[in-house]
2 protein chains.
Amino acid sequence: MDLNNGEIMDYLREKDIKPSSIRIKVLKYLMDNQIHPTVDDIYKGIGDDIPTLSRTSIYNTVNLFKQNGVVVEINLGEKESRYDINTKPHGHFKCEKCGNIYDFPLPENLNKKLSNFTINRMSINYYGLCPDCRKESE
Amino acid sequence: MDLNNGEIMDYLREKDIKPSSIRIKVLKYLMDNQIHPTVDDIYKGIGDDIPTLSRTSIYNTVNLFKQNGVVVEINLGEKESRYDINTKPHGHFKCEKCGNIYDFPLPENLNKKLSNFTINRMSINYYGLCPDCRKESE
DNA sequence: AATAAAATTGTAACTATTACAAATTTGTAT
DNA sequence: ATACAAATTTGTAATAGTTACAATTTTATT
């Protein structure tokens with residue numbers, strides 16, 4: 001993804017969000033840094049650009065993005081929430097050594113039905129060692 | 001499950017936990033109330049029995065239980081953690097209307113491999129409407 | 001019964017997040 | 001461009017779950 005400001009603004013409008021300078025910067029940050037950042041990551045990532053930036057604005061923005069389906073909030077058992085612009089269903093693997101988070105496609109045979117339940121969304125998280133850290137610890 | 005104190009104590013010792021009055025009560029509570037309780041649920045559930053009970057003691061206890069594999073901490077995107085005495089792999093369904101949490105079995109043949117990753121544990125959570133709430137909203 | 005070790009308590013600290021009012025910026029109509 | 005209204009952004013204070021830690025109480029050992 002490498003959109004210019006006009007395209008970013010169009011994308012926001014598609015999602016019924018009125019573009020603003022912070023919203024554009026946050027969305028761009030999320031697209032360029034698909035590391036499932038925390039609010040603090042985003043704040044630090046775009047803070048240099050906006051000297052008066054407030055953390056509250058990042059919270060406002062990600063909450064708006066979440067409501068309007070621009071991001072999905074993910075919760076990996078840490079205290080901080082993370083945000084993912086990839087809103088299609090997929091799994092997350094968190095390395096317990098280096099902390100990196102990896103996406104993976106959902107297992108083919110995962111239950112997609114539970115009889116008489118309505119499933120609106122699912123959150124599939126694995127924890128362990130990523131290939132690099134596994135190699136190191138040998 | 002309906003164990004007497006002696007059996008509860010033996011179970012704790014098996015897990016290398018020295019029994020104490022609070023630990024016994026917490027474990028019994030967890031066995032009798034498999035609702036994936038929060039620290040506060042536990043505190044309120046056994047507080048009547050121990051007039052001087054402190055929340056910190058519940059935190060100490062569940063953390064010890066977690067370290068020694070007596071419970072598993074579960075995180076359903078709420079601010080409070082929950083604790084599950086069923087430590088075998090299984091999924092959780094949270095009803096977004098009534099808040100109830102249901103266990104469900106994972107498929108026998110669920111893909112538990114990601115090539116070159118070592119998976120230590122997984123957390124599978126679904127969100128939606130439970131059968132009762134689904135019926136009501138028709 | 002005296003002492004040591006461990007468990008429990010209570011308070012204070014910490015941190016992520018939200019509430020909210022004030023200040024700033026943006027958009028609109030004259 | 002100017003004045004006004006609406007929306008965004010900011011900053012501070014409040015909230016809530018959890019942990020740190022020292023003091024107290026309980027339990028175990030000699």
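Letters A, B, ... mirror the listed sequences (proteins, then strands); counts begin at 1. Only heavy atoms go into these numbers, but all of them, side chains included; no hydrogens, no water, no symmetry mates. Please read these numbers as outputs of a predicted model, since none were measured by experiment.
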| Side chains of B:Phe65 and B:Leu12 in contact at under 4.5 Å (non-hydrogen atoms) |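 With C-beta onward as the side chain, the pair touches.
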
| message | Do A:Asn75 and A:Arg82 make a side-chain contact, defined as non-hydrogen atoms from C-beta onward lying under 4.5 Å apart? | response |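 No, too far: nothing below the 4.5 Å cut-off.
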
| What do the steps show when you test B:Arg55 against B:Asp40 for side chain to side chain contact (heavy atoms under 4.5 Å, CB included), and what is the final call? | CA-CA 8 Å; B:Arg55 263 190 186 73; B:Asp40 214 60; 2.7 Å; yes

| message | Angle between ring planes, B:His36 versus B:His90, binned at 30° and 60°: parallel, tilted or perpendicular? | response |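 Ring orientation, 0 to 90° scale: tilted.
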
| Distance-only, no hydrogens or angles: does the B:Tyr127 side chain make a donor-acceptor pair with backbone N or O of B:Leu76 under 3.5 Å? |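 Between the backbone of B:Leu76 and the side chain of B:Tyr127 there is a qualifying donor-acceptor contact (under 3.5 Å).
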
| B:Asn33 side chain to B:Ile35 main-chain N or O, any donor-acceptor pair under 3.5 Å? |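 Judged by distance alone, no pair lies under 3.5 Å.
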
In whole angstrom, give the distance that lies between atom [atom1] of [X] and atom [atom2] of [N].
{"X": "A:Leu53", "N": "D:dT8", "atom1": "CG", "atom2": "P", "answer": "16 Å"}
{"X": "B:Ile50", "N": "C:dA7", "atom1": "CD1", "atom2": "P", "answer": "15 Å"}
{"X": "A:Asp41", "N": "C:dT15", "atom1": "CG", "atom2": "C1'", "answer": "15 Å"}
{"X": "A:Tyr43", "N": "D:dT10", "atom1": "OH", "atom2": "C1'", "answer": "10 Å"}
{"X": "A:Glu80", "N": "C:dT18", "atom1": "CD", "atom2": "C1'", "answer": "16 Å"}
{"X": "B:Asp49", "N": "C:dT8", "atom1": "CG", "atom2": "C1'", "answer": "16 Å"}
{"X": "B:Glu78", "N": "D:dG17", "atom1": "CD", "atom2": "C1'", "answer": "13 Å"}
{"X": "A:Lys79", "N": "C:dC14", "atom1": "NZ", "atom2": "P", "answer": "12 Å"}

| request: Strictly below 4.0 Å, heavy-atom distances to any atom of DNA chain C: list the hits from residues 7-25 of chain A, or just say none. | output: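 By residue number: none to list.
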
| request: Verify the neighbour count for atom NZ of A:Lys88: are there more than 12 heavy atoms of other residues, nucleotides or ligands below 6.0 Å? | output: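 Atom NZ in A:Lys88 is not crowded, with 12 or fewer foreign heavy atoms closer than 6.0 Å.
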
| B:Ser81 side chain near D:dT18 phosphate (N/O to OP1/OP2, under 4.0 Å) |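 Checking B:Ser81 against D:dT18: at least one side-chain N or O falls below 4.0 Å of OP1 or OP2.
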
| task | For DNA chain D, determine which residues of residues 54-71 of chain A have any heavy atom closer than 4.0 angstrom to one of its atoms, and list them numerically. | result |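 Listed by number, they are A:Ser54, A:Thr56, A:Ser57, A:Asn60.
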
| request: Examine A:Phe117 together with B:Phe104 and report whether their ring centres are nearer than 6.0 Å. | output: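 No.
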
| request: Begin with the C-alpha distance, continue with both residues' side-chain angles, and end with the deciding distance and a verdict on side chain to side chain donor-acceptor pair (under 3.5 Å) for A:Asp41 and A:Thr38. | output: CA-CA 5 Å; A:Asp41 291 331; A:Thr38 63; 3.1 Å; yes

